[in-house]
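Order of the sequence lines fixes the chain letters, A, B, ..., with proteins taken first and strands second; residue numbering starts at 1 for each chain. Below, each value reflects all heavy atoms present in this structure, side chains not excepted, and no hydrogens, waters or symmetry copies.
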Amino acid sequence: MCRSCRLTRRWRHNMLYSKLLIPTLKEDPAEAEVISHRLMLRAGMIRKVAAGIYTYLPLGWRTVRKVAEIVRQEMDKAGAQEVMLPAVQPSELWKESGRWDYYGKELLRLKDRHDREFCIGPTAEEVITDLVRREVKSYKQLPMNLYQIQTKFRDEIRPRFGLMRGREFIMKDAYSFHKDKESAEAEYWNMYETYKRIFTRCGLNFRAVEADTGNIGGSFSHEFMVLAETGEDFIASCDSCDYAANVEKAECRPPEVVDTRRVPRDMLDEDDGGELKPIEKVHTPGKKTVEEVAEFLGVKTSKLVKTLIYKYARGVNAIPPLRETPQLRALFPDHGMGVAVVLVRGDHEVNEIKLSKILETSEPIELADEETVRRITDAPTGFAGPVGLSGIAYADDALRGMKNFITGGNEADTHLKNVNTRDFQASYFDLRNIVSGDACPKCGAGKIEIFKGIEVGHIFMLGTKYSEAMKCMFLDDDGDNKPMIMGCYGIGVGRTAAAAIEQNNDKNGIIWPAPIAPYEVAVLPLNINDKGVMDAATEIYESLKKAGVETVLDDRDLRPGFKFKDADLIGFPVSVVVGEKNLKDGLVEVKRRSTGEALKVRVSEAARKAGEILTK
RNA sequence: CGGGGCGUAGCGCAGCCUGGUAGCGCACACGGUUCGGGACCGUGGGGUCGAAGGUUCAAAUCCUUUCGCCCCGACCA
C-alpha cells in the first residue's frame, strides 16, 4: 500500500497545486497519436527531448516510481536482490557473448577518449554474467536472482507512441543463476507468479501468454500483456481452457483430414462433392489479389491458395527449398540466398517467424521482388501457383484439409480451379498465423479468440547460452565444473505506466488505478477567496495528509471549470470538491474519477470517505 | 532504410501556390467585471519564420543542400 510506504512521508511537503510543476495542455499536441502519449503530454507528465527520449516531470516520475516500487517490493519478496549495473558497458563483454556483432544497429555504440568501444546497455546479460562468474563459484551459493531498475537504451528504428516505444526507457531486468534445470524452472515459475502479483497490484487487466523467445535466445518464455485496443501485439486465447499465446508463437492445430467418402454430402463444401476434380484453367483478367479473384469467381477466399515467394539468407544446415535447378543457380550464384515457395490458404497469413525457423535462417526473410517472382513463375506477380514449379514448396498444414482449390496459373491473367495436393510437390508445416475461430492447439475443444495487447513484461528461460559463451561456471557437489543455467525477466516500467493509461481513460483524461496514480486525492476549493471554503478545504487536506493519503490541494485562483478539467485530465482517483453552495449545509462532494459518482458528505467525514473509496 | 507529411511566439495553427508591414486562437503580464465544468472586456510583452547557401531591388514565400520531427511499412528484451 503506497499510502503507508516510506516515500510518502518524504513527498508530503509540497502538495499545493500552485507550487507544483504540472504544465497541463488544453490542446492536443500535434506529435502524439496514441492515447497514452497524448494524455501524458497533456497531463504534464512527460516532455519530449529528442525522438524516443523523454523527461519525466513530477507527475510522470511519481507514477514511474510507484510502478518501480511495486516491482521492487514484489521482487524482494520473491527472494531477488537488487543491484545497479552500469548503463555504459564495454564492448569486450558483448564480443564475448557474440552479441556485439549480432545485435545490429539497435545497440548504441560509442567510444571513449582512448578510442575504446562501449555501448549503452539495452539489456544486461553480459554485465551480470561477468559479475556472477567472478563472484560465484559454488553450487552452495546458488540459486541467485539479481535485478536492477535502470534506464536502458535501444536505438529503435522508429521510436513512437511516447513511453510505449521509446529509445531510452526504464526497465526492470532480473537474471537468475542455477545449478540445474529444476531449480531454473522453479525460479521461472516463481517469477511468473511474481509478475502476476505485480501487474495485479498495478490495477491492470492483463494476460500471461506463451511467447517467442526472439533473439535473446533460450527455450521457453512468457509475455505479460496488458489488454488494450492500441496494443501492437496480437494474443490468441482459448475460450474454454487457459491457453493463451502470442500470435507470433501460437501453434495451429493441423486440420482433421476428413475421409470424404464417410462424411455426409451436406457437410461438404457445396462444390467439391468429395470428388477430386480435374484441373481447369480459368481466365482472370487483371485479378491479382485473393479478394479480387474470389469475388470474380464467386467463391470464398478460403477456397483459394496463396502462393508467396520468399527470399532469405540460407542457413548452413538448411535443406535447399527448391531443387538446385540451373535456373536457380543462375539467379543466386552466391548460393547464400534461397528462395522459398510458400503456400497458405487465401484467408490465412504467413507467420514469418515460423517460416524463418523452418528455413533455419536468422536473417530476416522478405517477399521476393517482382523480378524474382517473374523468373520463378514465368508470370507477373499475382498469378503465382505451385502447379508446374520445379522443386518442393512449403505448404501450410491447412492445405491438407482442402480439396479442389484455386491457385495462380503461372501465366498472366490465369488461375487454376480444382487444384489438389496431388498436383504439386510440397512439404507440410505449420506456417500461418492462428486466426479467430481456429481450434485451440492445447485442448482442441475450445475456439481461439484474438485480443490486442501491450507487452509489459517478458520472462525467459535462457539456459546456458550466456554462461557457456562467457564461461560462467560453478563447482557442483559432484566436483564437476558446470555452466550455470540462467533465466532472465524484464518489465518495462515506463511502458507499464503508459499501458495503464491506454487501458484506463475517457474523453476527459486519465483514470488512474489508485496504486499507481501520481497522487491519490485532489481537494478542490472552488473559490480560494472564500474563507469558509478555503478553511474547509484546508481542514480536509490536512486530515488526508495526516492519514498518509497523497493529496494535492488545488489552491490556484482559478475558475471551478478549470480545476475540474485539470483534475479529470490528471486522473486523481478521488477528488473532494469544496464549494460555497454545499458548504452552506456543511457538505462537500467526494467524487470518484472512474465512475463520476459523487457523494455529499459532511466536512468532517470527507477525508475518511475519500480514503474509503481509495481502498475499494 | 522505403513511402507520405510537417518545421512560422510556450502550445495549436494561418500566411507560401501568385515574393513587398509576420498574423490568429490559447497561454503569459497588468486593470476591471466574473466565479460549480477550460469566462468576458480592455491593455501589453513575446517570433534568428528549423539551419546554411543561392536567385532577386526585395525571400517565411522561389531554388539547392542540410538538420529535426510525425505518420505508414520493415525491425523490436
Side-chain angles (χ1 to χ4, degrees), chain A residues 23-34 37-38 41-42 44 47-53 99 103-107 121-126 150 152-162 164-167 169-175 211-218 221-224 232-233 246 248 352-353 356 363-367 369 455-460 462 466 487-493 495 507-509 524-530 533 556-569 575 577-584 588-589 591 596 598 600:
Chain A
T24 56
L25 302 171
K26 199 184 284 189
E27 287 168 289
D28 277 337
E31 71 187 57
E33 200 71 8
V34 300
H37 188 195
R38 211 159 61 210
L41 287 167
R42 283 195 55 204
R47 286 292 183 263
K48 187 177 68 184
V49 176
I53 299 176
R99 289 206 295 182
Y103 217 96
K105 287 190 181 163
E106 209 168 291
L107 187 63
T123 172
E125 281 81 3
E126 284 78 3
Q150 240 267 30
K152 306 290 192 301
F153 196 95
R154 288 186 195 162
D155 202 355
E156 291 269 349
I157 298 170
R158 182 149 91 89
R160 56 186 131 173
F161 306 151
M164 295 260 283
R165 202 182 208 10
R167 296 147 91 200
F169 57 100
I170 298 169
M171 175 168 115
K172 187 270 332 190
D173 47 329
Y175 308 88
D212 186 66
T213 49
N215 72 6
I216 207 164
S221 93
H222 280 84
E223 287 168 337
F224 288 77
E232 291 187 89
D233 287 286
N246 195 312
E248 288 178 349
E352 297 191 352
I353 291 176
S356 15
E363 300 292 309
I365 56 175
E366 55 178 345
L367 280 170
D369 53 281
E455 179 191 350
V456 289
H458 204 158
I459 58 177
F460 296 88
L462 282 181
Y466 295 92
C488 87
Y489 321 92
I491 289 181
V493 174
R495 188 185 276 188
K507 66 177 196 310
N508 293 314
L524 311 180
L526 296 184
N527 179 4
I528 65 162
N529 301 309
D530 182 299
V533 168
R556 297 173 300 170
D557 190 4
L558 291 173
R559 306 167 65 76
F562 221 101
K563 295 188 178 187
F564 289 135
K565 290 287 185 189
D566 271 343
D568 285 350
L569 176 60
S575 28
V577 181
V578 186
E580 286 161 273
K581 286 175 195 164
N582 284 320
L583 201 56
K584 271 186 202 140
V588 296
E589 269 176 16
K591 265 167 75 173
K600 285 186 187 173

Over how many whole Å does the gap from [X] atom [atom1] to [N] atom [atom2] extend?
X	N	atom1	atom2	answer
A:Glu156	B:rC72	CD	C1'	16 Å
A:Arg160	B:rC76	CZ	P	12 Å
A:Ile528	B:rU34	CD1	C1'	15 Å
A:Phe153	B:rC76	CZ	P	18 Å
A:Met164	B:rC75	CE	C1'	17 Å
A:Tyr103	B:rC76	OH	C1'	8 Å

In the strands shown, is [N] matched to any nucleotide by a Watson-Crick or G-U wobble pair with both distances under 3.5 Å, and which?
N	answer
B:rG36	none
B:rA58	none
B:rG45	none
B:rC1	B:rG73
B:rC24	B:rG12
B:rC6	B:rG68

N/O donor-acceptor pair under 3.5 Å between [X] side chain and [Y] backbone:
X	Y	result
A:Arg42	A:Asp28	no
A:Arg165	A:Pro159	no
A:Lys563	A:Pro525	yes

Would you please test A:Lys600 and A:Val588 for side-chain contact (heavy atoms from CB on, under 4.5 Å) and show each step? CA-CA 6 Å; A:Lys600 285 186 187 173; A:Val588 296; over 6 Å; no
With a 3.5 Å cut-off and heavy atoms only, can you find an N or O donor on one side and an acceptor on the other between the side chain of A:Arg165 and the base of B:rC76?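 Such a pair is found, so the answer is yes.
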Where does B:rU21 land, syn or anti, given syn is within 90° of 0? syn
side-chain contact (heavy atoms from CB on, under 4.5 Å), that's the test. Do A:Asn246 and A:Glu455 meet it? Break it down for me. CA-CA 10 Å; A:Asn246 195 312; A:Glu455 179 191 350; over 6 Å; no
Which residue, A:Ile157 or A:Glu455, contacts RNA chain B at a nucleotide closer to its 5' end, judged by nearest heavy atom?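 Result: A:Ile157.
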Treating primed atoms plus P, OP1 and OP2 as sugar-phosphate and everything else as base, which nucleotides of nucleotides 42-50 of chain B get B, S or - for protein heavy atoms under 4.0 Å? ---------
Could you list, one pair per line, each protein nitrogen or oxygen that sits under 3.5 Å from a nitrogen or oxygen of nucleotides 67-69 of chain B, together with the distance?
from	atom 1	to	atom 2	distance (Å)
B:rC69	OP1	A:Ala51	N	2.9
B:rC69	O3'	A:Lys48	NZ	2.9

So do the side chains of A:Phe224 and A:Ile491 get within less than 4.5 Å of each other, counting heavy atoms only? no
A side-chain contact here means heavy atoms from C-beta on lying under 4.5 Å apart; do A:Asp566 and A:Arg556 qualify? yes
Does B:rC75 have OP1 or OP2 under 4.0 Å away from a side-chain N or O of A:Arg158?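 Checking A:Arg158 against B:rC75: no side-chain N or O falls below 4.0 Å of OP1 or OP2.
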Tabulated below should be each protein N or O lying under 3.5 Å from an N or O of nucleotides 35-38 of chain B; please produce it.
from	atom 1	to	atom 2	distance (Å)
B:rG36	O6	A:Asn582	ND2	3.1
B:rG36	N1	A:Asn582	ND2	3.4
B:rG36	N2	A:Glu589	OE1	2.8
B:rG36	N2	A:Glu589	OE2	3.0
B:rG37	O6	A:Lys591	NZ	2.1
B:rG37	N1	A:Asp568	OD2	3.1
B:rG37	N2	A:Asp568	OD2	2.3
B:rG38	O2'	A:Lys26	NZ	3.2
B:rG38	O6	A:Arg42	NH2	3.2
B:rG38	N1	A:Asp566	OD1	3.2
B:rG38	N2	A:Asp566	OD1	3.3
B:rG38	N2	A:Asp566	OD2	3.4

Under 4.0 Å, heavy atoms only, any strand: does A:Phe169 hit a base, just the sugar-phosphate, or nothing? base
